[in-house]
Amino acid sequence: MMTKLYNFLIYAVLVSILVSPSLAFSQELNVYSARKEALIKPILDTFTKQTGIKVNLITAKADALLKRIESEGRNTHADVFITTDAGRLYRAKEAGVLQAFNSEVLEKAIPENLRDPEGYWYGLSVRARTILYVDKYIDKSKLSTYEALAEPEFKGKICIRSSNNIYNQSLVASMLEANGEAKTQQWANKFVKNLARKPKGGDRDQVKAAASGQCDVAVVNTYYFGKMLKSKKSKELKAAQAVKVFWPNQQDRGTHVNVSGAAIAKHSKNPENAKRLIEFLSSKESQQWYASVNYEYPARADVEPSDLLKSWGTFKSDTLNLAKLGENNAKAVMIMDRAGWK
Ligand code: FE
């Protein structure tokens, strides 16, 4: 009797192993993503359907995610690392948690300035950090460049978040590259004096402040504006409807842009499949979805942005290699500190 039960149990265990979904896939891939699940899971599912490679998704906030992969060291399960801002991708590279790789597919698909020159990371979607203005308060003809926002005519008229935010650090890093240290410091000193209020909140809060009359212009990443325009919260929608997009620096280097990007983890156990996934995310079909779901611009030049983004008009973007944003980050932070940018 006992042997029979014993045999049955062994049989049951064997069957459950054989039909277990986790073992139905011959290969697996672990993705550490700072992108929220809704903004990446569907495209990973498509990848799984096409390749049979199961993808396990771990999501966390960008800075926490980098800390996690760092502290896991060579024991990490991470294969692919996805995060936002070239400044952060640079930090990950410097922290030694990424591995360089070459890919003809990615080199063809992703413009050179949107990827690391040494192949440590590749940009997948593009956002501009641009100027939104309340046309009720300020005439568009008064706007021109980021540099001009330091002029006295903007005294008390600008809303922007704090300097500990990477988006602002990257913007200043791009100005450092264009104008040099001395000029950028002078600019920051004057710019900070023009702020309408002590920096607080995120990009959306700057738009809300502008809409409620606290400032004439807000410096904001484009996808936040897109999200607000599609928001079900009437407060957000109304605030967004009160502002318009202005593309700065069109007569010189172009508007500052940044990316979300992907990399292969240094201690990945499946670098070939990791590369396959990143290449898949650069395909025309993936790019369309990946960009539009987060109101971003595709990294590929041959994929059109969504209709909403098209409605803001085309613009010239700064073609500075985004790796420079990382290289200049420490200097940018110092400049902002010295200027008293909270
Ligand atoms: Fe963001």
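Please read these numbers as outputs of a predicted model, since none were measured by experiment. First listed ligand is number 1; within each ligand, the first listed atom is number 1.
- L143 and L195 fall within the same hydrophobic cluster, where Ile, Leu, Val, Met, Phe, Trp and Tyr residues are linked whenever their side-chain heavy atoms come under 4.5 Å apart, directly or through other members.
- Put simply, the angle at the Fe ion (ligand 1) from OH in Y223 to OH in Y224 is close to 120°, to the nearest 10°.
- Remark: the R300 side chain and the Q288 side chain contain no N/O donor-acceptor pair separated by less than 3.5 Å.
- By the ring pair (Phe, Tyr, Trp, His ring centres under 6.0 Å) test, F81 pairs with no residue at all, sequence neighbours left out.
- Scanning for salt bridge (charged side-chain N to carboxylate O under 4.0 Å, His left out) contacts around R253 gives E147, D318, with sequence neighbours left out.
- Not one N/O/S atom of N221, from backbone or side chain, sits under 2.8 Å from the Fe ion (ligand 1).
- At a threshold of 2.8 Å, the Fe ion (ligand 1) has a backbone or side-chain N, O or S atom of Y167 nearer than that distance.
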